[in-house]
Amino acid sequence: EADIYQTPRYLVIGTGKKITLECSQTMGHDKMYWYQQDPGMELHLIHYSYGVNSTEKGDLSSESTVSRIRTEHFPLTLESARPSHTSQYLCASSEALNVPSGYTFGSGTRLTVV
Amino acid sequence: SQQGEEDPQALSIQEGENATMNCSHKTSINNLQWYRQNSGRGLVHLILIRSNEREKHSGRLRVTLDTSKKSSSLLITASRAADTASYFCATFNQAGTALIFGKGTTLSVSS
């Protein structure tokens, strides 16, 4: 069972609301990632982090922001949600930079903006 | 786009048959990985094949890698209904900072 947790599992909110998607891992992994995935489609990297106080934008432009104040926690925030943000958001983590290893994924947050 | 391409997009087979999925990338492959995703869930790491390896086995999974063709294949032998899922290949982006995923193959195994 993956030791990476995402909350909420499902979220339906109105346009213009501010939301934070939570992601926590208990494995002590340095690297963490956020991917966006529309149903039946590929994953797109939107943010990643090498460690505490490190955040980078991914390959897909996103209006969201992230923070990494603690190793285990990597929340994603949308300041003003829009219907175009409706998607599934997947958080993942991996071990040290120089060791090729698989990612551990959370179960995802399915966001619907109405 | 650096995204990979899986082939076929969808595959339907009977239990006991083998399933073969292929993926190709436009950029050079760096430590290719295969993942499985059950409907609406997160991805689960299946197997990693390093750039200097040509073939790797794990249980009923067999992965091959051809770095010159920038392609890989995943073979699932003696498939089961529980293998029904989407399968994605992934390799690192050119900057080496994170994995980029293909579009996935949706496998349906009927009993």
Side-chain angles (χ1 to χ4, degrees), chain A residues 1-7 9-10 21 23 25 27 29-51 54-61 74 87-95 97-112, chain B residues 1-10 23-27 29-53 56 58 61 63 65 74 85-108:
Chain A
E1 193 68 30
D3 297 312
I4 183 164
Y5 307 99
Q6 289 187 244
T7 56
R9 183 76 180 89
Y10 300 95
L21 308 184
C23 176
Q25 51 99 0
M27 298 168 285
H29 285 171
D30 290 320
K31 292 194 79 174
M32 296 188 74
Y33 317 84
W34 277 102
Y35 287 86
Q36 185 175 341
Q37 182 188 31
D38 291 328
M41 302 296 285
E42 65 264 49
L43 284 73
H44 292 282
L45 179 69
I46 50 175
H47 296 283
Y48 61 96
S49 167
Y50 288 121
S54 152
T55 61
E56 302 286 344
K57 289 189 180 294
D59 303 320
L60 180 69
S61 174
F74 191 40
S87 189
Q88 174 160 255
Y89 293 83
L90 294 166
C91 181
S93 69
S94 66
E95 292 186 78
L97 289 171
N98 297 324
V99 177
S101 62
Y103 287 9
T104 301
F105 278 85
S107 295
T109 292
R110 187 170 296 278
L111 173 66
T112 303
Chain B
S1 168
Q2 298 180 54
Q3 301 290 145
E5 295 276 347
E6 270 92 343
D7 171 52
Q9 284 188 308
C23 89
S24 60
H25 282 262
K26 295 178 182 177
T27 58
I29 291 179
N30 182 6
N31 296 314
L32 188 128
Q33 307 181 27
W34 282 90
Y35 288 79
R36 165 197 169 118
Q37 183 181 36
N38 285 68
S39 181
R41 307 294 293 185
L43 280 71
V44 175
H45 179 252
L46 294 176
I47 193 167
L48 180 154
I49 184 165
R50 298 179 191 277
S51 301
N52 61 354
E53 296 177 309
K56 196 163 184 177
S58 177
L61 306 180
V63 171
L65 179 63
L74 170 67
S86 292
Y87 292 83
F88 294 85
C89 69
T91 189
F92 281 94
N93 58 15
Q94 287 185 307
T97 51
L99 287 176
I100 52 173
F101 289 80
K103 295 182 179 179
T105 292
T106 299
L107 174 65
S108 297

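By convention in this document, chain letters (A, B, ...) are assigned in the order of the sequence lines, proteins followed by strands, and residues within each chain are numbered from 1.
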- Taking atom CZ of A:F105 and atom CZ of B:R41, what is their separation to the nearest 0.5 Å?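 Going from the CZ atom of A:F105 to the CZ atom of B:R41 covers 14.0 Å.
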- Taking the side chain as every heavy atom from C-beta outward, state whether B:T97 and A:Y50 have any atom pair closer than 4.5 Å.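 They are in contact (side-chain heavy atoms under 4.5 Å apart), so the answer is yes.
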- Message: If we define contacts as heavy-atom pairs under 4.5 Å, which of A:E56, A:M41, A:Q37 has the most with chain B?
- Response: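 Of A:E56, A:M41, A:Q37, A:Q37 has the most heavy-atom pairs under 4.5 Å with chain B.
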- Report, as yes or no, whether the 6.0 Å neighbourhood of atom CD on B:E53 holds more than 12 heavy atoms from other residues, nucleotides or ligands.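 Correct, the count exceeds 12.
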Looking only at heavy atoms, what is the nearest atom pair of [X] and [Y], with distance?
| X | Y | value |
| --- | --- | --- |
| A:L43 | B:F88 | CD1-CE2, 4.2 Å |
| B:Q37 | A:L90 | NE2-CD1, 4.1 Å |
| B:A98 | A:Y35 | CB-OH, 4.2 Å |

- Of the backbone (N, CA, C, O) and the side chain (C-beta and beyond), which part of B:L48 lies under 4.5 Å from a heavy atom of chain A, both, or neither?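 Just its side chain gets close to chain A.
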- Side chain, backbone, both or neither of B:S39 within contact of chain A (heavy atoms, under 4.5 Å):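 Nothing of B:S39, per the 4.5 Å heavy-atom cut-off to chain A.
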- ring pair (Phe, Tyr, Trp, His ring centres under 6.0 Å) against A:Y33, all qualifying residues, sequence neighbours excluded: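 So A:Y33 forms a ring pair (Phe, Tyr, Trp, His ring centres under 6.0 Å) with A:Y103.
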